[in-house]
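For the single chain, residues carry numbers from 1 onward in sequence order. Counting convention: from 1, in listed order, for ligands and their atoms alike.
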Amino acid sequence: MKRIFSGAQPTGNVHLGNYLGALRNWVALQRDYESFFCIVNLHAITAPQDPKMVAAKTRELARIYLAVGIDPNVSTVFVQSDVPAHAELTWLLNCVARVSELERMTQYKDKVRKHEENVSVGVFDYPVLMAADILLYQTDLVPVGEDQKQHLELTRDIAIRFNRDYGQTFVVPDPFIPKVGARIMSLADPAKKMSKSDEESEAGCIMLLDNDEAVRRKFKRAVTDSGTEIKFDESRPAINNLLTIYHLLTNKTPAEIEEQFKGKGYAALKQELADVCIEFLKPIQERIRSIDDDKLSQILEQGAERAEAIAQLTLNHAKKGLGLIGARS
Ligand code: TYM
């Protein structure tokens, strides 16, 4: 069986963009692949965090994975820092990745632009840790949103270089970026992607934990384009984004949706979107609350054990390739 690996950071709140661009596909693919879904808490600490929040958000994100439909009997769900091989392989790959490659990463460049001096070395090295995550599991496919595409290309380059220089060690993974939903935009600013880290964009971001009132308010205030017709049209990013969300939440075809809203205004669409979204979030929020804390600990413990066994094999292989043979090898 081929493998998939993916992860999300336990920072901020999980939003509809994360779900539609990534988590939804994890759920859809999990039975066709051997699947690993990681809560990447080592990535989360590349920016300063309140340690209590990191711990709480890590467990909350695990609950969200389960609540959206990741089945722990089918998929391996685990916390990144529980498997030390992630950090260890990162060091090995650091010695293969090039500074010039990391300097080209757009997410890194954006952070440097915004925070100038205060960017940690971890932010710079972030894509190498991500490569380690993926390569440890001999991953074939990585389901992610469009913003991770560049990191995936780097992962492939690192794997190819390592295999060339130190012998065949890693499967070279392919990204799985959905045709629709890979880049859900902010409701407040359709030129920006929906994002959990951007403080200003709260109003444009539907969180999976939002209550009904917040969902209604955010859709009601969603920015729209000029023109009144409700049509899928990439030259009108605001309406296109709202319709894409509606399409993904209802599974109705674009033609059906356009027919449904023919002659109706934006207000009708926004109201219908809010209704559909609230209905979609309700069972997820109920499941999040109903997951027993001990059960969750048990799932994460088993997940870490399963992940560790595979990760360790790859790590040993990579260490041997590099000549890192010690007294215990
Ligand atoms: P993170 O936590 O920012 O986001 C989790 C997933 O959500 C996708 N996503 C979006 N998709 C569509 N529209 C949006 N507006 C949107 N915003 C976010 C992301 O593309 C991602 O798939 N670096 C990763 C976490 C990571 C990872 C990995 C992923 C660490 N190691 C290994 C895959 C494999 C990140 O920060 O995702």
Side-chain angles (χ1 to χ4, degrees), residues 3-27 29 35-47 54 57-58 60-62 64-65 68 70 78-81 83 86-87 89-90 93 105-108 110-111 122-123 125-137 139-156 158-159 173-198 201 204-208 237 240-241 244-245 248 307 311:
R3 288 208 181 124
I4 60 179
F5 180 98
S6 201
Q9 292 190 65
T11 44
N13 291 308
V14 178
H15 54 70
L16 210 50
N18 297 132
Y19 176 75
L20 297 175
L23 273 71
R24 176 175 188 270
N25 298 316
W26 305 357
V27 175
L29 293 167
S35 307
F36 295 84
F37 300 117
C38 186
I39 295 129
V40 295
N41 58 348
L42 297 175
H43 281 104
I45 60 165
T46 53
V54 176
K57 287 283 174 191
T58 297
E60 182 183 282
L61 186 54
I64 291 176
Y65 283 9
V68 298
I70 300 295
F78 71 104
V79 176
Q80 191 183 29
S81 65
V83 181
H86 289 246
L89 183 63
T90 300
L93 299 183
M105 295 292 114
T106 54
Q107 289 200 352
Y108 164 72
D110 284 351
K111 292 213 166 109
V123 168
D125 204 27
Y126 181 112
V128 181
L129 176 57
M130 187 163 157
D133 295 343
I134 296 166
L135 299 180
L136 272 176
Y137 299 92
T139 303
D140 297 286
L141 204 64
V142 187
V144 283
E146 149 74 45
D147 61 349
Q148 298 302 317
K149 195 170 166 204
Q150 197 187 26
H151 292 156
L152 257 295
E153 280 160 10
L154 177 73
T155 301
R156 288 173 56 87
I158 291 174
D174 284 312
F176 176 96
I177 298 175
K179 282 201 184 68
V180 184
R183 193 170 169 82
I184 298 294
M185 308 310 281
S186 160
L187 303 184
D189 179 357
K192 284 193 191 155
K193 68 170 183 184
M194 192 177 276
S195 164
K196 57 186 160 191
S197 52
D198 199 351
S201 67
C205 199
I206 304 279
M207 308 300 180
L208 294 195
N240 209 58
N241 190 43
T244 299
I245 295 173
L248 291 171

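Residue pairs meeting the salt bridge (charged side-chain N to carboxylate O under 4.0 Å, His left out) criterion with at least one partner in residues 3-20, sequence neighbours excluded, are Arg3-Glu34.
A salt bridge links Glu60 to Lys57: at least one charged side-chain nitrogen sits closer than 4.0 Å to a carboxylate oxygen.
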Compile the donor-acceptor pairs under 3.5 Å between side chains in residues 178-189 and protein atoms, sequence neighbours left out, one pair per line.
residue	atom	partner	partner atom	Å
Ser186	OG	Ala188	N	3.0
Ser186	OG	Asp189	N	3.0
Asp189	OD1	Ala191	N	3.0

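Taking all atoms of both residues into account, the shortest heavy-atom contact from Val142 to Ile134 is CG2-CG2, 3.8 Å.
At distances below 3.5 Å, not a single donor-acceptor pair connects side-chain atoms of Thr90 with backbone N or O atoms of Ala132.
Using a 4.0 Å heavy-atom criterion, the residues that approach ligand 1 are Phe5, Ser6, Gly7, Ala8, Gln9, His15, Gly17, Asn18, Gly21, Ala22, Val40, His43, Tyr126, Met130, Asp133, Ile134, Val142, Val144, Gly145, Asp147, Gln148, Gly181, Ala182, Arg183, Ile184, Lys193, Met194, Lys196.
Annotation: ring-ring contact (aromatic ring centres under 6.0 Å, His included) contacts of Phe78 (sequence neighbours excluded): His86, Tyr137.
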